[in-house]
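Whatever order the structure lists them in is the order used to number ligands and atoms, beginning at 1.
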Amino acid sequence: MKKSLKNWQGVTAIIGVDWGDSGKGRIIDDLAQNADVAARFNGGANTGHTIENNFGKFALHIVPSGIFNKKTICLVGRGVACDLESLIDDEFKQLKKAGVSWRNLIIDPSATLTMPWHKLKDGLRENTRRQKIGTTGRGVGPAYADRVERVGLQVGDLYKNDFSKLLKEEIDFQNKYFALELSYQKILTQFQNYAKVTKPLIGRTIPIMQKAIQKGQNILFEGAQGWLLDVDAGTYPFVTSSNTGIIGIWKSFDLHPKKINNIIGITKAYTTRVGAGPIPTKIEGRERQLIIEKGHEIGTTSGRTRDPGWLDLVLLKAAAEVNGVNQLALTKLDIFSGFKKIKICVGYTIGDKKVDYLSGNADFLSKCKPVYMELDGWKKDISKIRKFTLLPKAAQNYIRTIEKITNVPITFIGVGPKREEVIYV
Ligand code: IMP
């Protein structure tokens, strides 16, 4: 018998095989019940994991979604752009209100700090761009740029004796050369407070990870964003600034992909994109409105409306292949209930020529016209269904068609927003 994802074991990674916003928080919250360790490896407060569980509804940005399981050690790896303002002033407040402890959280001292000037510069750059990227404004790009330039402050710097000096030097530089008007005293006080709150939570995450692997514990990596926003392989420049795929785990935790047993690619039953950049299967008209309303396609972080599109199997297949995805999780299938016809993209043409996918190229993708396969929809509300074979035949056919074309089995089907509204196949 095929082992259900519900009883997963070993090392599992969940990565978006789309442009993000695929409902990762919720599957991770579910799978974290089984996890000894849950780890974030990329992104910063630009990501927003919405979670609805027995404790309430949460929008988390930095905190791993495994936080709700007291026994799960939650790691924020060195590859995360660590935004303490989001973590402490927003996320810890949400958790505190719901009586959820974050004592099981460990933050790597080598993670780059997202500082106030990163957020300012993110906004300034975006406002002056002729061709806007539509960043979330969370300072993630400038924070990663500082890391690569080797000038970024890291979480561990907060506890150094000369932190105030390091901060002053950086603020003086920003004010002098970028004409910012940052207040050293204000930022110092703010970050001294953050340092107090986070002090018990700082720890080297790589040895923790290595020990967990040696012990054969269950480890869950939770990706942020999706493969199509990867800084290298995505539709540059309309991408985020980190590695959103499996390589992000390697970079953050010194862990070779061979050691990952289970790579789950997650996507919605349709696709969405927020911010700028091409989306070949973009849906217009009444169906667009329906998806936005039924699917609540408004960004958790940015509050912006997401553009919906039909599922694009050209992109999905490429994302799955590159990342070694061995199973797919499909969320929000329920949003399609009531649709007469559902399209899926199975190829591209440019002019009258069939073309293969070319990664990392926004210009190419913006020229591609989708070739669609049209499938029948279904009327029935599917949110109460927990068994694949009880789904309407048309919904089963939709799933089977995706599996056949991508050659990857779908093992998790989201049929509603709540934890239990899932079909484990
Ligand atoms: P940044 O990551 O804030 O720099 O934004 C760069 C691009 O990535 C923009 O198009 C954002 O809308 C998009 N983006 C960043 N984080 C997310 C996410 O978590 N979900 C969906 N899109 C995202």
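Using a 4.0 Å cut-off between charged side-chain N and carboxylate O, D307 and R288 make a salt bridge. Note on K367 versus D363: no salt bridge recorded, every NZ/NE/NH1/NH2 to OD/OE distance being 4.0 Å or above.
Contact residues for ligand 1 (protein heavy atom closer than 4.0 angstrom to any ligand atom): W19, D21, N46, T47, I133, G134, T135, T136, Q225, L229, V239, T240, V274, G275, R304.
When each of V425, I264, T331 is paired with F412, the side chain to side chain contact (heavy atoms under 4.5 Å, CB included) condition holds for T331 and for no other. Just one residue in the list N323, L255, I219, N326 forms a side chain to side chain contact (heavy atoms under 4.5 Å, CB included) with I260, and that residue is L255. The side chain to side chain contact (heavy atoms under 4.5 Å, CB included) with R78 is formed by just one residue from the set Q154, K251, R147; it is R147.
Aromatic pair F336/Y398: ring centres closer than 6.0 Å.
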